[in-house]
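Quick caveat, the model's predicted, so the values are computed rather than measured. In what follows, chains are A, B, ... by sequence order, proteins preceding strands, each numbered from 1. Just so it is clear, the values below take in all heavy atoms, side chains as well, and ignore hydrogens, waters and symmetry mates.
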Amino acid sequence: MNDLVPSTSPRDMTWARRKQALARVWRELRHDRAGFVSLVVLLGFGLVALSAPLIADRSLLLAAAGRNNPDLASPSAQFLLGTDDIGRDVLAQLVWGSRVSLFIGIFATVVAVVIGSVVGLVAGYVKGKVATVLLAIDEFFLVVPFLPLAIVLAVILGRSPVTLAIVIGITSWAGSARLVRAQVLTLSERAYVERARALGAGTWQIIFRHVLPGVTPLIIANATLIVPGAILTESTLSFLGFGDRLSPSWGKLLDGAQSSGSITLNAWWYYLPPGLCIIAVVLAFTLFGRALERIFDPRLAGR
Amino acid sequence: MCAGGQIMTATESLLNVSNVHVAYPARRRGGKSARAVDGVDLEIRLGEIVALVGESGCGKTTLARAILGLQKISEGLIAFDGELLPTSANGKKAFRRRVQIVFQDPTASLNPRQSVYEIVAEGLRIHGLGENEHHVVKTALEQCGLHPAERYMLKYPHELSGGQRQRVVIAGAMVLKPQLLVADEPVSSLDASVRGEILALLQRLARDENMAVLVVTHDLGLPWNIADRIAVMYLGRIVEIGTTEELLANPKHPYTQALLSVVLEHLGMPQQILVGEMPDPTEIASGCRFHPRCPLVQSGEAQRRGIADRCTHEDPLLQMSGNQQSVACHAVGV
Amino acid sequence: STGASAEGELTFAVGVTQDIDSLNVTVGFLVIDYEIWNLTLPTLTSKAAADFSILPSMAESWTSSEDGLTWTYKLRSDMKWSDGVPMTADDVAYTITRSVQDGWWNHTTVTGNLTATATDAQTLVVVSSVPDPKLPILDVYIVPKHIYEKISAEELPNYLADDNVSGGPFQIVERKEGEFIRLVQNPNWFGKKPAMDQLIFRTFETAEAQYNALKAGDLDAVDDVPGKIFATIMAGDEPNITGIAGNQGSFSELAMNSSCPTGIGDGHVALKDPNVRRAINWSLDRQLMVDKVLNGFGKPAVGISASANPAFDYQVEADQTYSYDPAKANALLDEAGWIDTNGDGVRDKDGVELKLRYFDRSVGGAADTTPFITGFLKDVGIATDVKTFDEDSLAAIQSKSEFDLYTWGWSPYADPDNMLSDFITAAVPTDPAVGGYNDGNWCNAEYDALYAQQHVELDPVKRAAQIQEMHKIFVNDGPYAVLYKYDNLQAFRSDRWQNFERQPAEVGPIMFTQTSSAYLNLEPVSGDSGGGGGTNTIVVIGIALVAAGVVFTLVRSRRKKSADDRA
Amino acid sequence: MSNRYVVKKIVGALLTLFAVVIFNFFLFRIVDRDPLTKYRGRSKLSLEQRETMIRRMGLSGSKWDQFVAYIKSTLQLDFGRSFDSTRPVLREITDRLPATLILVGVSTVLTICIGLYIGAKAGWARGSRFDRVSTSTTMVLYATPEFFFGMLLLAIVAGRTGWFPTGGLRDVGTNNGFVASLLDRTHHLVLPSLTLTLGYLGSYSLIMRTSMLDTLGEDYLTTARAKGLKESDVMTHHAVPNALLPSVSAIAISFGFVIGGAITTETVFSYPGLGLATADAIRNTDLPMLQALFLVASAAVIFFNLVADLTYGLLDPRIRHSI
Amino acid sequence: MSAVLEVRDLHITYASSSGLVPAVRGVDLEIAPGETLGLAGESGCGKSTLAMALLRLVPPSTQITGSIKLAGQDILTMKPGQLRAARWAQASVVFQGAQHVLNPVRRIGRQIDEAIEAHGSASVSRAGELLDLVGLGARRGDDYPHELSGGQKQRSLIAMALACDPLLLIADEPTTALDVMVQAQILQLLDNIKRERGLSMLFITHDLSVLSHTADRVAVMYAGRIIEVGAGDALLRNSLHPYSKALTASFPIIGDPSSRHQPRGLAGDPPDPNNLPSGCPFHPRCTVAIDECQSVDVQLRHAADDEERSVACVLVGKS
Ligand SMILES: Nc1ncnc2c1ncn2[C@@H]1O[C@H](COP(=O)(O)OP(=O)(O)OP(=O)(O)O)[C@@H](O)[C@H]1O
Ligand SMILES: Nc1ncnc2c1ncn2[C@@H]1O[C@H](COP(=O)(O)OP(=O)(O)OP(=O)(O)O)[C@@H](O)[C@H]1O
Ligand SMILES: [Mg+2]
Ligand SMILES: [Mg+2]
């Protein structure tokens, strides 16, 4: 392709390669309808979450904010999505809820991916007892039912969004550790790793130069696929009453809707929007993650 | 013997492999370990090309990896340039500057995420030979027939043809100016048309750089093309070794004869197709390891010559038989 | 449907959101447990539903000695437990004696100072060591001696009370944990026969599901209707359902750690100052919480309810003591020296921030007040650090007094003594392993003295005055910011049942009351034939048929399709 | 399947279960909670009485003593008494187990059958209308929290039409015979099991579709076609058996999620099984119950995984014959 | 006797995500009864595509034009049912890499019988008989593929290919992945079977040396075309097209001093089917190319001195 680049420093080349790789990802994403649409949806939600203070004042979340409003009022010009059971604007809570839900989803994923990648890398690269122990732990977390475990941990660790995210992270890394390990195993079987070893490369050089770059796309795609699970878990735990009462997540809104009888009262504006938001974001993350998988792993093309 | 104008002046030995064994532990508890390399003696001299020939699974790759120190040996000694293979991390690293390996499948040997430049420069970087890196890389690429080097440096493996990939792999080994290059089936995954080019390259490099090459292959035509000597391996053991001309013209071991017969029918040799499948290194026969498939034994010839008993009970040693030829067969010389 | 079962038996099905924790009268403490005991265990005397005045029950008559310390009860002679064993004064004496011996939680507040002897089968003599205003009612459940005497004190806490021996109007016949408990009439019951043959309490996980079951006709009455839904009932949207917002003194409060010197714990220094506690009281908009959290079904309160009987409440209106006045709260805080010196919106003093550890109860009445309260406190420059806990964890924290604020609530008994006893100095926790009920970690010598007086005051008028005085001290010193008294929101099928008795009269609920006598007075509306389960069954069968059809078609079409091939 | 494989898998499962038991012990010792709070008379108990009770709960002595006592009693299936009801935990669990078994059993069977069917069909006819419709539907199902389904079903089907009860396991009043009570229970089971089925149908069918797609490019399918087999035979005899293999373990792992789904589903429908018991135990921090429920849930998943491993061994001759 | 297989002007174009890939660009072929045609060429030149197209086994999106007459019937115009009937009964395939070609979860015997059942005949299993025929032994029918070695799998594939007594055996690199000795065994087996049954065979390989004694005629393919075809021995000994020459030269004759220390091959890269050079597709790598080669795309034509021989080269026509 670019035959005519004469001499370049390695750093420039690395840069150029990254740029090229990104450009390729972008190009392929553009042609992947599901992936692209879901990216747009995600960006939309992200934008809303980031600009929540501009859309709705934080004070609207205060319990007393509904002081002069009717409770469970149906949508109107004043309250686009009606009011909740204590007269607060549902839309404002939905908007701020997106922050909590996305934050927990993403933060939990970071926790899970960091644990999963480290465990996967170590278990895949280092053999022997360490790997056996790590695998046993991984097996344990993989087999032990996820929600009960998360519940038990939540009971023990408390209820703030951060601990909730940590709990979800701790309970969902096992799958990615497996994935990373499998990939590391195949990578380290690759002849090019053997070649590097024959060239005299040490363990760390091999991990950083050959193994890590090889698993990174996988980790990214996998992370994108952990987020929806984390968001679902957050909503489930919040629904079961584990959420933080003072920061409204979508799951918490559903809990509120359920416990205030909005289903029986047909106050659909209270329970439908958070449910649909969860579905939309989870769906978007899933589709986006699958698109990334397709792009990073051409064998999966056409899924 | 001088053929093709090459003169065997250097007899100084570079690599000495003696009585090397490699056993892979059993995959299952209670299973037997695989004696992939089972007592190999081999010497490689400075600047010569030796071909290691044998059926699939006979332990060629294992031996090659053992020579590089990539595979632990369970018994025996490997000495390079008069010194035993180092075991320390630093010693290994220094050793690996002097010995390099090229694998069968160039596509698998290249990290798809690295550019040609990075791949070739990797050895330099690992050994901290960064000075003048660009120039060295360029020279190595051009030496390997990738002209002009700039055209290839920024490409990625997937943008290259199979032959070009194998050249890149070889260039990556050549930047370190090794004294010994081990090439494990360097052309068997390549197209027939490309094969000749790569072999010519190896031959040229060996000659120009006075580099010894151990080339692993299952194809007897390859050594005829480039090797000075041939070692024939069967089930973890070298059963016959000699100069290319001598050995191909006058194979003495029945196994070598059979191998040659299936590729050389047009020379009038009757085909001797050995029955049975690839031998199993977990079940090496007693006596001569080849005896269960040996045509001499099967045809009763061995009986006639009165060596049948030795064939089944006595492990034959590699013995000089001819000028530079050694054979491990009870039938030879009887 | 359970309105009427197939055999023509009359069933009354009640939905509850609480599962029985124990039928063992020495262990259980949930409202539902008391309801079952009210229906299955006899009491020596009874209380009038309307005003809790004393009525005969096991005892037909009683007389007291001059000094008021000795009471002699004359018992009915026709009483039998449901298993046919005679029920006599011996059972009562046994209950009193054993409860004192073993320290039964539900009994000793009443029986602690009593000794009882059965002089014959129908005569019971009770002697109190002090003058006792809780006599002659003697409000404890009488247990069958022939059952309990077989159980050692050690074993008793684990006894499941599954003997089903009843001395009340009903007896338990079937119980499915988490599902239902079924009672039928006790043939040996000596009192008024109820109209229904069986009584079922079904447990629901959510109040809403339970209400829907009422609406669908699966239930006859429910306790705990979601407030929003209750409002629609009260608005007359449901012609067949009648709602009753009954109040029996249950209240919610914000407890503050007043750091009683004899106690333990690490309460915030600011809360030691009564003015800061008062400021907090002034900062709360109680009416807003009643409107929003209770949907108006309740009323603001500043003092505790000492008794289910509102006569014992603090007779001062909320606005005369603490109304919603943030300005006043601010002034008090300024005066107390808590001023926001560093401009971060939170008051401080001597380098200590006025930031309070706020423990939020995860379930229960006070749950939804926390967002309000924290907001109100923030408005007057008090920061909070909210942590949510379940009741038990919270109780553990309370036992150590390691909190600044927390939310809780109480439901009082008929006699005020028990509730009032929780705030005496002796109830302050001093050992985390043992705990104590004084959850404001508050003490006041004057209050203690008055408590001791009312404890032995036999003149009801004087006693009432003493209790008013105690209220005044408690409210003024403010270890609690009482928020409101909340109503029990109950509903029943008025197309099926009538003659619901409220307890206390006019303001109280119909079920889960002090005596549960409402069940005895209920009458079916004539001509009711119950809801229709038949249609449902038809629907099920219909759906099953449709599903089978769909599957069949799918399979068929698959067969056909697969016949075609890919080119 | 060789005995060695079976034994290895069983031993592995038991080890995992044992790990759960140990994990349980440590996890629940972290919680700072007075075990006697439920005994309302605790403030009136003497210190000796308290100690007796605490000892009986296995909460006295050194951690090691506690651990030994805990392991002993756990092995005897003695999980202590519920803090909440004071009944033996084992009895609480055995009482509620059948309801959950039926709910989870029915839903799992439905989910697996329908999910695999849809997934296999969609994967086989990749890009067809069936694939597009079913995949987008299953994606949405996958993205929907099952309790939201439950809420919607409750709102629409039960609340609006009254065709189905809004909760419970059965009508208590009806005692008229086996058939009626069976119908009654089925009637109560429909919505919860529908919720659970819909909630997990998505992931099962997506898993199956993916592994179907993985097999699509396999050469043995070309061989089968070359032999002149009908497309339907190629699918059922060649593609599906191979696609099932990777699905089996993936499905076993997602069974853990179904167990989680039972918690929320039972909560939404007041369905008194172990899920509801879990929700209650959470609310009451009923540690012995939680501990035992967690163990039971884990055991169920471990068992399911074991079954999957053994099934895998049966389905895959490479395992059946070797090892 | 008319040809068993007759291919006329066959074009096969794959529709891939990166556009249309013309894998086969105008191939004419015929195979007489009992004849073996060897088809040789570099990787990617379209050999397998051609083989697969003979039974219409290419992906559905692939465009095929021209005609393929198998025993007189045109495969390309058949209805699905007819096509299914023709598959395996008229022509069967011995694939390369038996590893993936056999279904890992079905017994070998079942996989063989299945082919017979698909063609309506035989309720009795013939698998055992066929396995015996290829020297595996009937009992192996109960084995699963993983229980067989590479050579054994290849034998069972041959047995499977014989199941419906086809007229034509298409062997697509049947020995490539095998070891020298096993390769020789399989070649011998195929040879015997072919001779015993009078089968026609299309033998595809990239290893010319394999063809030397298997093929009656040899066709050499380059970039989707046949560029030289002729009698086996003659072609291998004396190829006329520069590409065939280079190809034959790259297999040294052991003992031939001209190749000792003289490895020979072909410079340059195989062509990219997406981006073929103009004129003769071989001209960029051709050592004897003349200017004309850049523009003239020569068709296959008879060589002057050998009437069985056809060559697609400007130079050959001229000489
Ligand atoms: N990691 C390993 N563990 C156990 N056995 C092994 C391992 N690697 C190779 N073997 C066995 O050792 C024997 C020799 O293998 P090796 O790869 O050296 O053979 P080879 O001669 O290079 O064969 P090929 O021509 O197929 O490359 C074989 O039987 C093989 O099955
Ligand atoms: N399904 C496909 N879609 C698109 N292109 C394809 C497809 N299959 C093969 N090709 C391309 O068609 C060309 C011919 O492929 P084919 O497999 O027929 O080559 P071949 O001669 O058999 O090579 P080999 O010796 O490697 O088997 C190649 O360039 C290949 O990349
Ligand atoms: Mg090898
Ligand atoms: Mg091919």
Side-chain angles (χ1 to χ4, degrees), chain D residues 1-2 5 116 120 123-131 208 211-249 308-323, chain E residues 48 51-52 54-61 78 80-108 110-121 142-148 153 156-157 160-161 163-164 166 170 172:
Chain D
M1 203 171 356
S2 71
Y5 176 78
L116 294 191
W124 183 250
R126 173 170 82 194
S128 69
R129 223 181 71 174
F130 179 86
D131 181 32
M208 185 60 185
S211 49
M212 201 70 184
L213 289 184
D214 280 336
T215 58
L216 277 193
E218 295 289 349
D219 290 339
Y220 51 78
L221 295 189
T222 310
T223 313
R225 286 201 186 95
K227 286 191 281 190
L229 261 61
K230 284 195 281 244
E231 276 302 290
S232 58
D233 288 344
V234 177
M235 173 173 158
T236 50
H237 296 325
H238 292 272
V240 171
N242 279 287
L244 270 180
L245 290 176
S247 302
V248 168
S249 19
D309 278 339
L310 299 184
T311 314
Y312 193 104
L314 275 181
L315 288 178
D316 190 345
R318 282 162 291 195
I319 288 180
R320 199 186 326 158
H321 290 269
S322 65
I323 307 181
Chain E
S48 299
M52 287 297 137
L54 297 183
L55 289 177
R56 241 164 93 189
L57 288 167
V58 290
S61 60
M78 281 182 183
Q82 284 176 299
L83 177 65
R84 269 208 313 272
R87 285 176 178 172
W88 227 248
Q90 307 286 337
S92 61
V93 191
V94 179
F95 296 95
Q96 158 185 12
Q99 221 73 297
H100 307 283
V101 168
L102 290 165
N103 187 339
V105 305
R106 261 168 109 72
R107 296 178 196 280
I108 298 286
R110 279 297 307 138
Q111 298 193 46
I112 295 175
D113 284 337
E114 187 180 52
I116 304 170
E117 283 159 22
H119 292 277
S121 50
D142 287 338
D143 285 357
Y144 286 94
H146 73 274
E147 293 168 286
L148 304 181
K153 272 187 251 194
S156 63
L157 268 185
M160 190 189 290
C164 299
I170 302 167
D172 186 3

Honestly, the part of L221(D) sitting under 4.5 Å from a heavy atom of chain E is neither

Heavy-atom nearest pair, W88(E) first then A226(D), reads CE3-O, 3.2 Å

Considering all heavy atoms, the nearest A118(E)-G228(D) contact = CB-O, 3.9 Å

So, for H237(D) and N103(E), which heavy atoms are closest and what is the spacing to 0.1 Å?
-> O-ND2, 3.7 Å

Specify the closest pair of heavy atoms between H100(E) and D219(D), including all atoms of both residues, with the distance to one decimal.
-> O-CB, 3.4 Å

Between H119(E) and K227(D) the two heavy atoms that sit nearest each other are NE2-O, 2.9 Å

Which distance, rounded to the nearest 0.5 Å, do you find between the CZ of R106(E) and the NE2 of H238(D)?
-> 4.5 Å

Flag the pair Q111(E) / T223(D) as yes when at least one side-chain heavy-atom distance between them is below 4.5 Å, and no otherwise.
-> no

Which heavy-atom pair separates T222(D) from L57(E) by the least distance, and what is that distance?
-> O-CD2, 4.1 Å

